[in-house]
Amino acid sequence: MKILVTGGAGFIGSHTLVELYAAGHKPVVLDNLSNSSPKSLERVAELAGVESVPFYECDIRDRAAVDALLEKEGHFDACIHFAGLKAVGESVAKPWEYYDNNIGGTLTLLDCMRWHGCKNIIFSSSATVYGDPAVVPITEECPKGHCTNPYGQTKSMLEEIMSDMQKADPEWNVVLLRYFNPIGAHRSGRIGENPNGIPNNLMPYITQVAIGRRKELGVFGNDYDTPDGTGVRDYIHVVDLARGHVCALKAIERKCGLAVYNLGTGRGYSVLEVVNAFEQATGVKVPYKIQPRRPGDIATCYSDPSKAAAELGWRAEYGIEDMCRDSWRWQSMNPEGY
Ligand code: NAD
Ligand code: UD1
């Protein structure tokens, strides 16, 4: 299939490109490089054995540019839509920028797509839409919860917008993928997560402590109602997540209408379990200090991934050791990122 990949130069997008090529698809990337480097695309080309990845440096809010791309490229079978801003703390400080980029950008993209006759989209949503879940493991039927920050709101609102569009026009096929916590990197160590500034998320912080860029990990709270008191999350290897997108194309092919899937492993690990797994997998110590809880955090969040297994034939294959080993390989081969 010929696929428009917005945000394809980013962390999850770059890994998905490798899997799309491996499955015989033809991706075309649109990215404004606001949170990524074009080097990731050079490395994807090297891993996929292609000369270069077709790439448009373009913003999804720029209607003329998106229209021109669609005009020039001709028919797309589907769009995988990763482009968006994703830093929770920044979204609290800059809500307008988040609503403009994520919601404004997606509205423009959807409008351009329908005018060019492409009504198939796979959207990067997040487990954050469940808020603080009433029960775990979380199934897709769990009611959506209260999002404590504008980033989460954009994901939740975009889910509603695309669902309403699909309801009004059944020619649309919309697949909402709710990611749990993606970590890890391609096993080659050539592509990986490249956060700007101080990492917000656990694994990039751990790898930066391990490489000596930061002194110690702050563990945000050890008084949660979890086995060791630290927060429990469903970490998923980014390559498994990437393959989930290739499998989601099957839902598009069978004209799913609206479909929602959790992409997680179904297993939760606490912060201290992740630290321990990292030390076991890499032999590198990660000094840490218990700190107060981070505002907005919840105790426990992990998926029931059985719907994606039943309907898409997808399940996560990699375990926590693989995730730690591959995160570390990427960090140690690229100490300063790309
Ligand atoms: P990322 O920042 O590495 O990738 C996003 C890409 O989108 C970047 O390359 C950025 O330059 C591009 N982009 C942003 N705004 C754009 C715009 N207006 N026009 C064109 N390109 C634009 O992030 P990621 O971790 O790869 O996440 C991809 C998607 O998955 C995002 O939508 C994110 O919200 C969602 N998501 C990520 C996680 C996670 O933990 N990484 C979890 C749940 C959902
Ligand atoms: C965060 C976002 C969520 C987003 C997801 C993926 C918040 C509140 N939620 O989820 O909206 O979809 O990232 O991008 O930011 N931790 C530490 N020390 C650190 C970093 C994290 O102890 O330096 C702990 C956290 O308290 C949590 C766990 O590690 O218990 C995972 O944190 P993180 O990687 O930030 O992911 P989430 O909070 O699950």
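Start at 1 and go down the list; that is how both ligands and their atoms are numbered.
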Just going by heavy-atom distances, which of [options] is nearest to [atom]?
atom	options	value
atom 41 (N) of ligand 1	Lys86, Arg61, Arg178, Met203	Lys86
atom 13 (N) of ligand 1	Ile60, Asn32, Thr106	Asn32
atom 12 (C) of ligand 1	Ile236, Thr154, Asp31	Asp31

With sequence neighbours left out, the residues meeting ring pair (Phe, Tyr, Trp, His ring centres under 6.0 Å) with His237 are Tyr318

Output the list of atoms in ligand 1 that are nearer than 4.0 Å to some heavy atom of [X], sorted by atom number.
X	result
Ser34	10 (C), 11 (O), 13 (N), 14 (C), 15 (N)
Ser125	43 (C), 44 (C)
Ser124	29 (C), 30 (O), 32 (O), 35 (C)
Cys58	19 (N), 20 (C)

Specify the protein heavy atom at minimum distance from [atom]: its residue, its atom name, and the distance to 0.1 Å.
atom	value
atom 5 (C) of ligand 1	Gly84 O, 3.9 Å
atom 4 (O) of ligand 1	Gly10 CA, 3.5 Å
atom 40 (O) of ligand 1	Pro182 CD, 3.3 Å
atom 3 (O) of ligand 1	Phe11 N, 2.9 Å
atom 31 (C) of ligand 1	Phe82 O, 3.1 Å
atom 15 (N) of ligand 1	Asn101 ND2, 3.1 Å

Decide whether a cation-pi geometry holds between [X] and [Y]; the criteria are a distance under 6.0 Å from NZ or CZ to the six-membered ring centre and an angle within 45° of the ring axis.
X	Y	value
Arg267	Tyr302	no
Lys2	Phe76	yes
Arg178	Tyr261	no

Taking non-hydrogen atoms only, is [X] closer than 4.0 angstrom to ligand 1 via side chain, backbone, both or neither?
X	value
Leu33	backbone
Ile12	both
Lys155	side chain

Looking only at the aromatic ring of each residue, does the gap between the centers of Phe11 and His15 stay below 6.0 angstrom? yes

Whether the side chain of Asn262 engages the backbone of Gly264 through a donor-acceptor N/O pair (distance < 3.5 Å, no angle test) should be reported. no

Listed partners of Lys167 passing salt bridge (charged side-chain N to carboxylate O under 4.0 Å, His left out), at least two apart: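 Only Asp164 meet the salt bridge (charged side-chain N to carboxylate O under 4.0 Å, His left out) criterion with Lys167.
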
Results of salt bridge (charged side-chain N to carboxylate O under 4.0 Å, His left out) for Asp322 - residues two or more places apart only: Arg325

Is there a polar contact, in the sense of an N or O pair closer than 3.5 Å, between [X] and ligand 1?
X	value
Ser126	no
Ala9	no
Leu85	no

Closest non-hydrogen atom pair between Val129 and Cys147, with its separation: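 In this case the closest contact between Val129 and Cys147 is CA-SG, 4.1 Å.
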
Can you produce the list of protein nitrogen or oxygen atoms under 3.5 Å from a nitrogen or oxygen of ligand 2, alongside each distance?
residue, atom, partner, partner atom, Å
ligand 2, 11 (O), Thr128, OG1, 3.3
ligand 2, 12 (O), Ser126, OG, 3.0
ligand 2, 13 (O), Asn201, ND2, 3.0
ligand 2, 18 (N), Gly218, O, 2.7
ligand 2, 22 (O), Gly218, O, 3.4
ligand 2, 22 (O), Phe220, N, 2.9
ligand 2, 26 (O), Asp297, OD2, 2.6
ligand 2, 32 (O), Arg294, NH2, 3.4
ligand 2, 34 (O), Asn201, ND2, 3.4
ligand 2, 34 (O), Leu202, N, 2.9
ligand 2, 35 (O), Asn201, ND2, 3.0
ligand 2, 35 (O), Arg294, NH1, 3.3
ligand 2, 35 (O), Arg294, NH2, 2.8
ligand 2, 36 (O), Asn181, ND2, 3.1
ligand 2, 38 (O), Arg294, NH2, 2.8
ligand 2, 39 (O), Asn181, ND2, 2.9
ligand 2, 39 (O), Arg233, NE, 2.6

Would you please test Leu4 and Leu69 for side-chain contact (heavy atoms from CB on, under 4.5 Å) and show each step? CA-CA 10 Å; Leu4 177 63; Leu69 184 167; 4.0 Å; yes

Mind running side-chain hydrogen bond (donor to acceptor under 3.5 Å, both in side chains) on Glu73 and Tyr56 for me, showing each step along the way? CA-CA 11 Å; Glu73 285 291 330; Tyr56 292 78; 2.6 Å; yes

Quick one: do Trp115 and Asp111 satisfy side-chain hydrogen bond (donor to acceptor under 3.5 Å, both in side chains)? Show the steps, please. CA-CA 6 Å; Trp115 282 110; Asp111 199 27; 3.1 Å; yes

Does the plane of the ring in Phe82 sit parallel, tilted or perpendicular to the ring in Tyr179? Use 30° and 60° as the thresholds.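 Tilted.
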
